[in-house]
Amino acid sequence: MRKVYGRPRFLKKRSFHYCAGCGHSIVHRLLAEVIEEMGIHERVVGVNSAGCSVFAYNYLDVDMAEAAHGRGAAVATGMKRAYPEAVVFTYQGDGDLAAIGTAETIHAANRGEKISAIFINNAIYGMTGGQMAPTTLVSMRTTTTPFGRDVMLEGHPLKISEMLALLDGVVYIERTAVNSPAGIRKTKKAIRKSFQTQLDGKGFSLVEILSPCPVNWKMGVAESWQWIDKEMTGVFPLGIIKDTTGNKDAD
Amino acid sequence: MDGNSAVGEAAIRAGCQCYFGYPITPQNELTEYMATHLSRRKGCSFIQAESEISAINMVFGASAVGARSMTSSSSPGMSLKQEGISYLASCELPAVIVNMSRGGPGLGTISAAQSDYFQSTRGGGHGDYRTIVLAPSSVQELADLTHRAFDLADKYRIPVIILGDGMLGQMQEPVDFRHEAPAELPVRSDALRGARGRPSKIVRTCTSNTSEMEELNWSLYRRYQLIEKKETAFETFLVDDAELIVVAFGIAARIAKGAIKSARANGLKVGLARPITLWPFPSGRIKELAATAKCLLVFEMNMGQMLEDVQLALQGQGEVFFYGRPGGVIPTPSEVLRVISRHYYQRGLKKGK
């Protein structure tokens, strides 16, 4: 019988600790697939961050270092500058990349660091139990916005990808979602393109991935996947936000 | 050459491949030196980072992939680096961190001070960790200890702090660089360079397993004990017949030396004990000296921080006085001489040749 689906080579043989319906495990798998397909595993050095994905190195079978909360882009910068042959990616959540690490993210992007940022936007702090993130939607209830996010008090959801797109050092940003087979395929393509951009030495790239967090959103899995389409994509529209790579899509 | 530039040149000659820094007085000459002399070197990298926090985390990344890396700052900037230093210590990553300290607390002054002794020797970040702390007292020693700092950092997989001050950083002195830059350094065996022909590796600090974390602490502790045994450095000056011994580090020791020479000319039998490593602190040597002299005078450009280590070393055995000037005030040798003389005469110590 022909095997059509299996564990990617660079995903370790262990169960994910992620909650049912969480998007992290999907993105981990996509990363492992892309690394295998591009044949870059011997050059990959990943940076994972504080948050639910702090244990990403338990799953991804590539060299990885854990950065302090928010400092992923600075750590990745140090790695890439010290060892330019490496293919360096960061794996960061919204709190990490767009709140505590905003300065590191913006300046690494502005310097055009040749690194790939994989940015998981689930509109909430997952690991710490569902507090407001910079990306939390207006009126969305979290443990620290128990009455809903109030723009007069907490401001609006931060569109960091659109902000980063203004910077000349940034060559590629795409926003995708992993709440459907089509979205998952698009996400994989975007991750591959981001790595290719780095291999081509073009500059900073980022893939923002809208990802469900059913437990902290207090929804069923199916409902959380629908909620991304119904609510999140209105604030965070999917698609290419910036692309000056000159590369046509691989397929 | 000024002290800051001397650190830069010594670092390059020690094979420093990456320097990341953020402007702050009085250490800018070092950042500027690296911008001029390191940034264009083959295989080397210089970045003026967006913050001290970014700079130390760039060092973390560069060290993780095996590069000899350095950052520098002055007191308020050092406070920002503490998070990164804790992570470096936890991940057992080598790094050299220079502090040309200035008067605090807060933004403080830009003048030389020694008030970061606690922060440097106690580990200013969170968790049970130590950093080696080297305290030079001349531009030549700044250069020598910078070279040594890189070797110590690699040998023990530990962050090493060079605790200078604004005066050492700015002052001009002749300096002899004893090493040529190495053509190429071997890649550290624990470097993350991609899983080529070996299983993948991780550098991490986070674990949900408390016994694993406890074991890390024990293994660090054992290494710290080894460092205490092997790497303690100390200098003495005219202590053999001394009735009173001044204990001072860094630039304060330099000032004290001038005062001691004058005291000797006046017939006061005074000597100097200068810890070169602030951690590990030379407690044993301090105890030995306290047994031969009548009393110790701890002199610091702060409100009495190393004083606590001296008192801990003596465990109540021996008489200790303290004189300190905080906030960036630089005392003169004649001022210190007056303090020495006052204690000397009040204590009724014997004069002699």
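In this text the structure is predicted, and so the values were computed from the model without any measurement. Note on naming: letters A, B, ... go to the chains in the order of the sequence lines (proteins, then strands), and numbering restarts at 1 for each one.
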Choice from A191(B), S54(B), G66(B), C44(B) maximising heavy atom contacts with chain A below 4.5 Å = S54(B)
Answer yes or no: does atom CG of D168(A) have more than 12 heavy-atom neighbours from other residues, nucleotides or ligands under 6.0 Å?
-> no
Distance, nearest 0.5 Å, that separates CZ of R81(A) from CZ of F46(B) | 10.0 Å
Evaluate whether atom CD of E212(B) has more than 12 neighbouring non-hydrogen atoms of other residues, nucleotides or ligands under 6.0 angstrom away.
-> yes
Shortest non-hydrogen pair, L192(B) vs A65(A), comes out as CD1-CB, 3.7 Å
Heavy-atom closest pair (R204(B) atom, Y57(A) atom, distance to 0.1 Å) is CD-OH, 3.2 Å
Is the closest side-chain heavy-atom distance between E50(B) and E104(A) below 4.5 Å?
-> yes
Are more than 12 heavy atoms from other residues, nucleotides or ligands located less than 6.0 Å from atom NZ of K159(A)?
-> no
Closest heavy-atom pair, A64(B) versus M79(A), reported as atoms and distance to 0.1 Å, is CB-CE, 4.1 Å
Tell me, for V44(A) versus chain B, whether the close heavy atoms (under 4.5 Å) come from the side chain, the backbone, both or neither.
-> backbone
Between D63(A) and S200(B): side-chain donor-acceptor atoms closer than 3.5 Å = no
Side chain, backbone, both or neither: which part of C18(B) has a heavy atom under 4.5 Å from chain A?
-> side chain
Which of the residues N110(A), T77(A), V62(A) is involved in the greatest number of heavy-atom pairs with chain B at under 4.5 angstrom?
-> V62(A)
Check F55(A) against T207(B) and note the closest heavy-atom contact, atom names and distance.
-> CE2-CA, 4.2 Å
Heavy-atom side-chain proximity of T205(B) to E66(A) below 4.5 angstrom | yes
Counting N and O atoms only, with roles assigned by atom type, does the side chain of Q17(B) sit under 3.5 Å from a partner on the main chain of A82(A), one being a donor and the other an acceptor?
-> no
Heavy-atom nearest pair, R196(B) first then E42(A), reads NH2-O, 3.5 Å
Might you confirm whether atom CD1 of I110(B) has over 12 heavy atoms from other residues, nucleotides or ligands at distances under 6.0 Å?
-> no
Does CZ in F118(B) sit with more than 12 non-hydrogen atoms of other residues, nucleotides or ligands closer than 6.0 Å?
-> yes
Who wins among I106(A), D61(A), V88(A) for the most heavy-atom pairs under 4.5 Å with chain B?
-> D61(A)
CG on N48(A) to CD1 on I202(B), rounded to 0.5 Å = 8.5 Å
If you count heavy-atom pairs under 4.5 Å between each of G78(A), A108(A), P84(A) and chain B, which one has the most?
-> G78(A)
Cationic tip of R71(A) within the cone over F60(B)'s six-membered ring, i.e. under 6.0 Å and within 45° of the normal?
-> no
Region of K80(A) in contact with chain B, defined by heavy-atom distances below 4.5 Å | neither
Tell me, side chain or backbone of A195(B) under 4.5 Å from chain A's heavy atoms, or both, or neither?
-> both
Closest non-hydrogen atom pair, A68(A) against N57(B) | CB-OD1, 4.2 Å
I100(A) CD1 to I53(B) CD1 distance, which is reported to the nearest 0.5 Å | 8.5 Å
Would you call M58(B) and V75(A) a side-chain contact if the rule is heavy atoms closer than 4.5 Å?
-> no
Evaluate whether atom CZ of R40(B) has more than 12 neighbouring non-hydrogen atoms of other residues, nucleotides or ligands under 6.0 angstrom away.
-> no
Atom OH of Y83(A) with >12 non-hydrogen neighbours under 6.0 angstrom = yes
I47(B) side chain reached by E113(A) side chain, heavy atoms, under 4.5 Å | yes
CG of D200(A): more than 12 outside heavy atoms within 6.0 angstrom?
-> yes
